[in-house]
Each structure stands twice: as C-alpha cells, then as structure tokens.
Amino acid sequence: MREKEYYFREMKIEDISEVASIERKLFSRPWSQKAFLEALEQDTLFVVVLDRNTIVGYCGMYCSFSEGEITNVAVEPSRQNQGIGHKMLKYLLEQAFVKGIGRVILEVRVSNANAIYLYESMGFQNCGIRRGLYEMPREDGMIMALELQEEILQ
C-alpha cells in the first residue's frame, strides 16, 4: 500500500475559514478568523497541509529577525496520529530556515504528551516552565527551543 501523499503550501487568506474551523475543534481559546487574517498581514510564516483539496492541518510562526515563535500547530482530529503533524512541522521548519530563521521557540501545555513527543522527536528541547500560562483550564506551559541547522531538516 502506498503512503498517502499530502500537499504543503503557504496559507492563503481564502484558507482562513477552514483553518479557523479546525482551530475551534481543538482549542479551548481558539483564534478567530480575524486573528488569522491579522497574523497573515504581519511577518509570519503559516503553512497548510492538504489531502486533495481539503485542509487537514496548519501551523504557523511569527518571525522576528532570525528567530521564529511557533504559535499554532493543529491537525484535524480525525487525522491525528498519522504522521501529518511531523511532516507539516518539518515543512514549516524548512521554510523558516530558507527565510533565515536560526532559532525557533514554542510553548506547549505540560499535559500535551503527544505534542511534546512530536517536538522532542524534531530536536526541540525543554527550556523551562511558565507557571499558569494557559487558561481554560489553567495549566503550566513548557517552553521549548530548537536551533535550526541544515542537518536537522534532512
């Protein structure tokens, strides 16, 4: 059986409705369509992954000089645990490297074992805990960082 092929590209304004729909399914404090639109108008890098013509995941980062901060990583609930998140994040990091990003940081709920495992598998390291970072429910956040190098992206 052939591995399913996905298509990766930068997010477009017309993707926002679909992306916001996935966001609402996954997060207790989801970004609004307006928040995604405002993010796309800044120095950001947002990508989507498509299965045929349907968006099944997205992720993005704010870019500042040579550092990126990942803000969103999301995969449609029915498509999780199929390797999409890993491929999508790898694509995002490759695009960031091309843009001159050398260091990437992110925050993740300490209870989100699947996400932490994904980030660690890609080389991210725990840099510390921010107490009470998240709301609904109130929870600590783990700060993770990755120094981007060409070897990591291969």
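- For residues 54-95, every residue pair satisfying the ring pair (Phe, Tyr, Trp, His ring centres under 6.0 Å) rule, not counting sequence neighbours, is listed here: F8-Y91, F36-Y58.
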task: Could you check K12 against D15 for side-chain contact (heavy atoms from CB on, under 4.5 Å), going step by step and ending with a plain yes or no?
output: CA-CA 5 Å; K12 301 175 184 175; D15 298 330; 3.6 Å; yes
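- With E23 contributing its side chain and W31 its backbone, the two residues share a donor-acceptor pair below 3.5 Å.
- Here the shortest heavy-atom pairing between Y6 and Q82 reads OH-OE1, 3.9 Å.
- At least one donor-acceptor pair under 3.5 Å links the side chain of R138 to the backbone N or O of G132.
- Between A145 and C127, the closest heavy-atom pair is CB-SG, 3.5 Å.
- Judged by distance alone, with hydrogens and angles left aside, the side-chain atoms of Q33 form no donor-acceptor pair with the main-chain N or O of I16 at under 3.5 Å.
- Taking both residues in full, the closest heavy atoms of F124 and V104 are given as CE2-O, 3.7 Å, listed atom of the first, atom of the second, then distance.
- No more than 12 heavy atoms of other residues, nucleotides or ligands sit less than 6.0 Å from atom OH of Y7.
- Taking every heavy atom of both residues into account, R109 and I116 meet most closely at O-CD1, 3.8 Å.
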task: Output, in order, the C-alpha distance, side-chain angles, deciding distance and verdict of side-chain contact (heavy atoms from CB on, under 4.5 Å) for S28 and E139.
output: CA-CA 12 Å; S28 62; E139 187 172 356; over 6 Å; no
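- When all heavy atoms of I101 and C63 are compared, the pair lying nearest together is CD1-CB, 3.9 Å.
- Proximity of a side-chain donor or acceptor of S32 to a complementary backbone N or O of A35 within less than 3.5 Å is detected.
- Tested against M142, the residues L133, N112, V110 include a single side-chain contact (heavy atoms from CB on, under 4.5 Å) partner, V110.
- By the 4.5 Å heavy-atom criterion applied to side chains, L118 and M122 are counted as neighbours.
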Quiz: residues 44-56 side-chain donor-acceptor pairs under 3.5 angstrom, not counting sequence neighbours:
| unit_1 | atom_1 | unit_2 | atom_2 | d |
| --- | --- | --- | --- | --- |
| T44 | OG1 | A39 | O | 2.8 |
| D51 | OD2 | K4 | NZ | 3.1 |
| D51 | OD2 | R79 | NH1 | 2.9 |
| D51 | OD2 | R79 | NH2 | 3.2 |

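- Counting only heavy atoms from C-beta outward, the side chains of E69 and M61 never approach each other to under 4.5 Å.
- Across all non-hydrogen atoms, the minimal contact from A74 to L26 is CB-CD1, 3.5 Å.
- The closest donor-acceptor contact from the side chain of N72 to the backbone of C59 lies at 3.5 Å or more, if one exists at all.
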